[in-house]
Number of protein chains: 2
Amino acid sequence: LSVNLVTGGAGFIGANLVPRLLERGHRVIVADNLSRGRRIFLEAFEAHPCFQFVEVDCAEAENLLQTILPLHRNKAVECVWHMAANSDIPAGVADPRVDLKDTFHSTFGVLETMRALGIPCLRFASSSAVYGDLKDTAISESSGPLNPISNYGAMKLASEALISAAVESFLKRADIFRFPNVVGTPATHGVLLDLIRKAMASPGGFDILGDGTQKKIYLHVQDLISAMLFIGAQDIGRHNIINIGPSDEGITVREIAQKIRSKVAPNAVLRFGMESRGWVGDVPRFRYDTTRLAALGWTPQLGSAAAIDKAIADIMLQKNASREAPP
Amino acid sequence: LSVNLVTGGAGFIGANLVPRLLERGHRVIVADNLSRGRRIFLEAFEAHPCFQFVEVDCAEAENLLQTILPLHRNKAVECVWHMAANSDIPAGVADPRVDLKDTFHSTFGVLETMRALGIPCLRFASSSAVYGDLKDTAISESSGPLNPISNYGAMKLASEALISAAVESFLKRADIFRFPNVVGTPATHGVLLDLIRKAMASPGGFDILGDGTQKKIYLHVQDLISAMLFIGAQDIGRHNIINIGPSDEGITVREIAQKIRSKVAPNAVLRFGMESRGWVGDVPRFRYDTTRLAALGWTPQLGSAAAIDKAIADIMLQKNASREAPP
């Protein structure tokens with residue numbers, strides 16, 4: 001049982017990680033600036049004796065340190081799950097300051113806090129976006145060159161680089177999880193939520209960004225959390241970079257749109273664009289080599305198509321449960 | 001003939017690049033914050049009609065933009081040679097804010113300025129430090145994983161990542177030069193200057209960081225400039241990452257110390273340390289695959305040992321020419 005700091009704990013991934021840590025008996029401190037995360041996602045745990053929430057921007061290193069310091073003096077934090085980041089890729093393409101601050105400076109702030117307090121272990125939400133567009137190669141953790149095509153991917157790679165230097169200098173352990181597209185609830189953004197909203201808003205027909213041939217792999221968030229907990233429990237050296245994902249070849253945007261049509265708007269006409277990329281920074285295809293994770297003994301329960309099916313059902317439930325506008 | 005902005009133009013590499021651009025008839029604007037660079041290195045060009053110096057910190061994006069804007073309106077800048085960076089690796093290990101600002105934020109500021117002004121072409125001084133310690137593999141541009149072990153290397157990799165996203169978004173061309181250790185004058189830091197200073201200060205004997213077995217490749221700065229000019233003149237696509245270096249296996253710190261002893265302090269006792277690394281962030285050995293550059297048709301005139309010989313002679317001349325304390 002350990003004391004865990006979850007940055008971005010009120011966001012999509014964090015809000016799924018927190019209960020899984022609590023149910024294993026760990027203490028959890030969530031640090032979130034609530035720029036994209038929502039405190040309501042953590043409502044069920046507010047009264048939990050092992051849960052604590054602090055509102056702080058991890059990109060402000062000195063603030064973060066001063067906020068964590070008294071908590072750390074009370075019970076020493078052993079592990080930081082650094083999930084805080086900008087998650088809106090197009091927003092970062094439009095203004096690189098978004099990813100600079102929320103994705104990169106947050107990592108800098110976390111590392112400075114860990115160095116100052118002597119917190120030994122970091123688990124980091126990195127991304128397949130660090131690879132850029134490697135075309136049809138099956139991407140493994142040692143693939144190169146790493147040419148990210150979005151500021152989001154660039155600042156994830158920059159964060160990995162900073163962590164790498166910190167492992168040499170003071171960290172005792174760092175696990176770098178390279179996520180694929182992750183789906184599930186509480187959904188705040190992403191292709192599924194976009195398409196479901198469009199289908200609900202105009203059941204007669206809706207537009208899809210790109211020509212629909214973009215083929216990607218998807219992981220359900222519950223599988224992702226399982227993988228991170230599994231990797232964290234392995235005795236595998238100080239600096240581990242691991243692709244997390246299904247072993248299938250993925251599913252196209254066209255297939256996703258058809259699934260959503262059948263669930264939400266059976267009579268909708270699907271209107272595709274002309275471009276193979278949905279937006280600047282979109283990688284139209286990729287295959288993911290997950291041999292390293294499989295060799296450790298973990299495989300996801302859901303493949304890409306099943307993850308999408310479950311996530312669509314999750315999001316519909318979330319929408320039905322809410323009287324408000326969708327989050 | 002083009003208009004070139006050389007950031008860090010008053011530093012070691014920049015001060016060697018400026019005359020080579022001027023002698024080809026190009027216009028040169030040097031932007032330097034003079035934190036490590038010295039205006040005296042550019043003294044010979046101050047009166048040149050095609051030369052201009054502006055003192056500005058590239059890490060301050062808005063300042064940089066406002067400084068370059070009127071010059072760009074006068075004559076459009078076509079190419080930025082981004083050489084500005086912290087060059088003191090141990091300083092960045094001690095305080096990561098040094099590399100964050102001088103190496104990474106300077107790149108961010110340069111890219112923001114290029115985006116705002118529509119400057120098409122970037123040439124960037126990257127480093128073999130992005131590779132970290134890949135042991136005995138011959139490092140090529142697509143080697144991975146990239147696990148830098150210094151904040152210097154981390155912030156060079158972070159800069160490369162940002163440039164990669166900028167190529168996708170707005171840059172017309174980016175050449176990323178991955179430098180090995182570069183030697184020559186005006187020397188401001190580095191193993192040669194350190195050892196020469198020690199040998200001059202205590203001709204009876206001096207200490208060497210590490211056990212002397214660190215084996216590295218070295219490139220003379222004149223060869224480096226030739227390589228950058230050569231690559232820049234090639235018609236080779238929009239995003240080029242190229243190792244620049246000699247094709248030999250390098251030379252050990254012990255051999256370098258012996259060369260310096262023979263030139264400076266023939267009776268000195270060489271006192272080696274116990275560690276195979278000279279300092280945190282030092283990569284003890286590496287081999288460099290320069291096939292890509294050789295295939296373009298360029299090879300250096302001097303191998304590692306000859307580059308060291310010439311650089312020792314350069315530095316001794318620099319010292320003799322100066323009545324002041326060594327720079």
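Below, chain A is the first sequence line, B the second, and so on; all start at residue 1.
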Side chains of B:Ser150 and A:Glu168, heavy atoms from C-beta outward: is any pair under 4.5 Å? no
Side-chain heavy-atom pair A:Asn147, B:Ile241 within 4.5 angstrom cut-off: yes
Verify, without hydrogens or angle tests, whether B:Ser164 (side chain) and A:Ile149 (backbone) share a donor-acceptor contact under 3.5 angstrom. no
Can you tell me if B:Ser142 uses its side chain to pair, donor with acceptor, with the backbone of A:Pro145 under 3.5 Å? no
Report which part of [X] has an atom under 4.5 Å of a heavy atom belonging to chain A: side chain, backbone, both, or neither.
X	result
B:Arg115	side chain
B:Glu160	neither
B:Leu162	both

When rounded to the nearest 0.5 angstrom, what is the spacing between CG in B:Asn151 and OG in A:Ser169? 7.0 Å
So what's closer than 4.5 Å to chain B heavy atoms on [X]: side chain, backbone, both or neither?
X	value
A:Phe108	side chain
A:Tyr152	neither
A:Leu111	neither
A:Ala166	neither

Counting heavy-atom pairs under 4.5 Å with chain A, the top scorer among B:Val130, B:Leu157, B:Leu100 is B:Leu100
Tell me whether the rings of A:Phe104 and B:Phe104 are parallel (<30°), tilted (30 to 60°) or perpendicular (>60°). tilted
Shortest non-hydrogen separation from A:Glu112 to B:Pro96 and the atoms involved: OE2-CG, 3.1 Å
Report the option among A:Ala158, A:Ala154, A:Pro148 that has the most heavy-atom pairs separated by less than 4.5 Å from atoms of chain B. A:Pro148
